[in-house]
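Here's the structure, in C-alpha cells; my notes come after.
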Amino acid sequence: MSTRSFQLPGPTLCVESGKPVTVILHNRLPEPTSMIFPGQTAVKADGNPAQPQFDSGGSLTSLVQAADAASGSVTYTFTAGSPGTYLYSSGTDVRKQRQMGLYGALVVRPSGRPGQVNNRPDSVFNPGREYVFLLSEVDPEVHLAVERAEPVDWSAYNPRYFMINGRSMPDTLAPNNASWLPNQPYGALVHIQPWDATTNPRPAVIRYVNAGTVNYPFHPHGSDERVINKDGRPLEGTAGEDLSYSKFLLDVKPGQSLDALMDWRDVEQWDPATNPVPTELPVITDQLLVGTDSWFSESPYLGKKNALPANMTSFNQCGEYYHIAHSHALQQATNYGATFGGMMTVFRIDPPAGCAAN
Ligand SMILES: [Cu+2]
C-alpha cells in the first residue's frame, strides 16, 4: 500500500505481457471509487469477473466493482495483455473522478523483451530514453464545485489547463521528483542523443496516452516521430508487414495511446576538416545585449561547439539545442489563456559527439 500523498497522474504501472498483475485499491475518498483497465481482458475484482454494477433500480453505479467510501478496498487481477501503453482510471462517476485526477498509465512490456515496445524486433528502443506523455486537462470550475461539495454544471465544462504528466509548461521542464512539485512527480523533458550506427543505434520511445475528453494534436518541432504501436497493438498487417508511419503531428484521441519512436540523424556526415564550423558573431541588431555581454543563439547545427567570441555569454552546455514540442490546438498550449504554457515541453538534442557536461 502506498503511503505517499496524492499524485497526478497516478503511478505509472510497468508489467510484463503474459504475467499476472494484482492491483489493490484502498479507498480513502468520501465516496466509492474503482479502477478500470481498458484493453486488458478477463479482469477480476476480488476474484469475480469485473463487470458493470447497478443499483436496485437498475441504474448504473460503476463500470466495475467499487471500493466503499472512506475505507473500502478491492483487489483487481488480470493477466497482462498485448504489449504497449494503456490508460487506467477510475471506473466510478468516471467523468468527475477522471477530471479530478484518478488516472494513470499502464505500460505492458513484451515477454522477455524489455527493450522493445512490442514483439517486433524493429520496435527496439534505448531504455535510457523512454518517456510517457500522459496528456490531460483541468477545468478549475469543476474542481471548485467538488471542493465546495456543490453539483457540477457539466453543460458549462470548459478546461483551462492542459498537462503532460500532470504538469503544465514551464513545470514540464522540471526533473522527475522535483522537490517543489511534490504531487506531480513526473517530468516531460525528452533528451535525445543523435543516432549513430555503433554508439547509439536505438531510438527514444515516447508513449502518448490521452486521459482527457478531446483530441490532443501533439506536435514535436524539428523532426517527426514514427508511430509503431496504437492502443497496445503493433501497427502491422496480417502477414506481419510493417504499417508504422512517420508523422510530424500525432493526433492522440481520448482514451487512445500511441507509442512513437524518435531518433535524430545528423544530415551531414561529420567531416573533421570542416568541423567545428566557425562561430560568427551576428550583426548587432540580431544580438541580445545585456550590460556588456551579448547572448549568442544561432544555428541549430549538430556539430561540435567552437569557442565563442569575446564577451559572449551562453547557457548552452555543450552545443546541444532544444526544440519546442506542444499541442497544436493552441488553446491547449496556454495556462488559462496565457500563451506559451499548458501542454508544452522541449526536446533536448545533444551534439553527435555527446555532451560531457551531462
Ligand atoms: Cu509549434
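Computed from heavy atoms alone, side chains included, the values below leave out hydrogens, waters and symmetry copies. This structure is a prediction, so every number in the text was calculated from the model and none was measured. We're numbering straight along the sequence, starting at 1. As the structure lists them, so they are numbered: ligands from 1, and atoms in each ligand from 1.
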**Q.** Check ion pair R226-D224 (N to O, under 4.0 angstrom)
**A.** no

Q.
Looking at S82, is its backbone amide N or carbonyl O close enough to the side chain of R233 to form a donor-acceptor pair, meaning the two atoms are under 3.5 Å apart?
A. no

Q.
Looking at every non-hydrogen atom in both residues, tell me the closest pair between N210 and P254 and how far apart they are.
A. ND2-N, 3.3 Å

Q) Considering residues at least two apart in sequence or located in another chain, which fulfil the side-chain contact (heavy atoms from CB on, under 4.5 Å) criterion with S179? A) none

Q.
Considering the Cu ion (ligand 1), could you give the total of protein N/O/S atoms lying closer than 2.8 Å?
A. 2

Q: Mind checking side-chain contact (heavy atoms from CB on, under 4.5 Å) for P201 and listing every partner two or more places apart, or none if nothing turns up?
A: none

Q. Got a sec, which residues hit side chain to side chain donor-acceptor pair (under 3.5 Å) with R207, two or more places apart in sequence or on another chain?
A. T85, E130

